[in-house]
There are 2 protein chains.
Amino acid sequence: MKPDSPFYAHTLKALRQSELFGRLDEAVIKEMLLSFLRETWSKKSIVMHPEQTIRRFYVVISGRAKMTRVNPDTGREFTLFLLEAGDGFDVVSLLDGKKHNVSVIAMDDIEVLTAPFDTIHEWIKQHPSFNREFLPYIGKLIRQLTNLASDLALLDTGTRLAKLLLRHTTKGTPYPRLRLINDLSHEELAGMIGSVRVVVSRYLQGLKKEGIVVARRGQLEVNKLQALAEKIERHLGFKDK
Amino acid sequence: MKPDSPFYAHTLKALRQSELFGRLDEAVIKEMLLSFLRETWSKKSIVMHPEQTIRRFYVVISGRAKMTRVNPDTGREFTLFLLEAGDGFDVVSLLDGKKHNVSVIAMDDIEVLTAPFDTIHEWIKQHPSFNREFLPYIGKLIRQLTNLASDLALLDTGTRLAKLLLRHTTKGTPYPRLRLINDLSHEELAGMIGSVRVVVSRYLQGLKKEGIVVARRGQLEVNKLQALAEKIERHLGFKDK
DNA sequence: GCACTTCTGCTACCTAAGTCACAGAGGTTA
DNA sequence: TAACCTCTGTGACTTAGGTAGCAGAAGTGC
């Protein structure tokens, strides 16, 4: 992407705020941005399917996307990651060069940057500072995945849902705010905790009746942050979040 | 570990055969080995608990260990990784420097090498060749975890068990061999697929009756590799293993 | 060789969480 | 504004997978 592009300024800004690029020297970021191509994808479109995982690396600039895997028998979809501005994919293929059986689907109209794997590999080699940001980012990914897996193995659906909500709630004044997932359908929420629409609906009813959440079609808010946290604590002792 | 140690030779050999160190120059391996300390741990002992994750990095030289997380309410244990010779832990804390809520427990009498995080970070910085081996290794970890999580979310217990067995079976002549997990108790196997002893026993009975596996106390073998694979295929279309 | 522990198999039972089906509310499109 | 689609709520039903408990087999330690 060239500096004279009409999108240059806000794209650069997004990179500056990202975990992967934010702490790099201005000159380095700009150099990298030169190698990136900008793409836009409309809501619900498939940004990357399994066959394409080995080609290019993507960075989300605006909007949300989900990385999913589907059970072809039942048609059930499981969301491995919710990707937002600053997130990159697919990290696995980038690391080991092999195909990865996941799809990435846009949840909003989104903007992404993309560059070939070779370019990223070159950056890792040439810019120790980039490597230094990249490694902790991968650490965060693994952390998320270990939590996801052990939650699935050890907790019931109600607790997993409560954790999902808690994780995305920020204590705001005067009210807490549910970030990033507040407008998702029950179907989507279910996909994120490895369950099914009906079951999520049921549990949400429970939370509504207790006054812990407030919901209307496509809009969810957490009302009693404390009560939500207690609900989870009672069911387990994990502190790792 | 100094070259005159009685364990030097076979430790060096183990490193040479490992994924992380195997392809490094002889001189580099030897230099690294100098910084490592050797420890031994007896079966069932806790090699590392959550509080210790931030201190040192470990590499397994011989024997097996499991990385687990426990639900304090139910006491149920879930095995995130089975670690064997060549595997390192804890990668997450190494990458982001934060505590990680996992324990590592020896499943045999084991030997490990250990070095402070700073040392490993230094290697990553100083030895591009090490970084080059390290990144794909992390890729493998993430791959394993995404599979673990999506299997838990999308597949039934029987299929997960079948996949566990298949994954550790090597086509040998004249018979296939079940590697690494052939002597584990049903309890341990259950921990690896996020289930419970009784349920695993049940499914194993089924497999025995079909002649797919042969088992006696603490000894499990796969007899009909093909049949096992078909059992899984029927239940899903994943090719990612 | 005996006592003790660990593992396996099996039965009976319970329940969380799934499927199916339908109706009405709320948005969106023509 | 009518027709359509998507989302949510709910009831009835099924079932996979869990708990509890016990007995005997197989190892282990003394």
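What you see is a predicted model, and the numbers here were worked out from it, not measured in a lab. Hydrogens, waters and symmetry mates play no part in the numbers below; they use all other heavy atoms, side chains included. Chain identifiers are assigned alphabetically (A, B, ...) following the order of the sequence lines, protein sequences preceding nucleic acid strands; residue numbering begins at 1 within each chain.
Q205(A) comes within contact range of the sugar-phosphate backbone alone, with a heavy-atom separation under 4.0 Å but no base atom that close. Contacts of R76(B) with the nucleic acid, taken as non-hydrogen atoms under 4.0 Å apart, involve only primed sugar atoms and P, OP1 or OP2.
Nearest to the side-chain atoms of V199(B) among the listed nucleotides dT10(D), dG9(C), dG18(D) stands dG18(D). If you check dA25(C), dA20(D), dG9(D) against the side chain of R197(A), the one that comes closest is dG9(D). The side chain of V198(B) approaches dT19(D) more closely than any other nucleotide in the set dT19(C), dT8(C), dT19(D). The side chain of R202(B) lies closest to dG18(D) when the candidates are dC10(C), dG18(D), dA17(C). When the nucleotides dC10(C), dG18(C), dA25(D) are ranked by their closest atom to the side chain of R217(B), dA25(D) comes out on top. The side chain of D156(B) lies closest to dA16(D) when the candidates are dG18(C), dA16(D), dG9(D).
Within the structure, every side-chain polar atom (N or O) of H186(A) is placed at least 4.0 Å from both OP1 and OP2 of dC7(D). Contact annotation: T157(B) does not reach the phosphate of dA16(D) (side-chain N/O to OP1 or OP2, under 4.0 Å). Between K208(A) and the phosphate of dT8(D), there is no side-chain N or O to OP1/OP2 separation shorter than 4.0 Å. Dashed line: the shortest gap from a side-chain N or O of Y203(B) to OP1 or OP2 of dG17(D) is under 4.0 Å. For S195(B) and dG18(D), the shortest distance from a side-chain N or O to OP1 or OP2 is below 4.0 Å. Not one side-chain nitrogen or oxygen of S201(A) sits closer than 4.0 Å to the OP1 or OP2 atom of dT8(D).
Ranked by how close their nearest DNA chain C nucleotide is to the 5' end, R216(A) and G158(A) are led by G158(A).
With F78(B) as the aromatic partner, R69(B) does not meet the cation-pi criteria of under 6.0 angstrom to the ring centre and within 45 degrees of the ring axis.
Remark: R197(B) does not engage E188(B) in a salt bridge, criterion side-chain N to carboxylate O under 4.0 Å.
Taking 4.5 Å as the limit, some side-chain heavy atom of L228(A) sits within range of a side-chain heavy atom of V222(A).
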TODO: List the steps, then state whether side chain to side chain contact (heavy atoms under 4.5 Å, CB included) holds for K208(A) with V214(A).
DONE: CA-CA 6 Å; K208(A) 276 203 277 187; V214(A) 186; over 6 Å; no
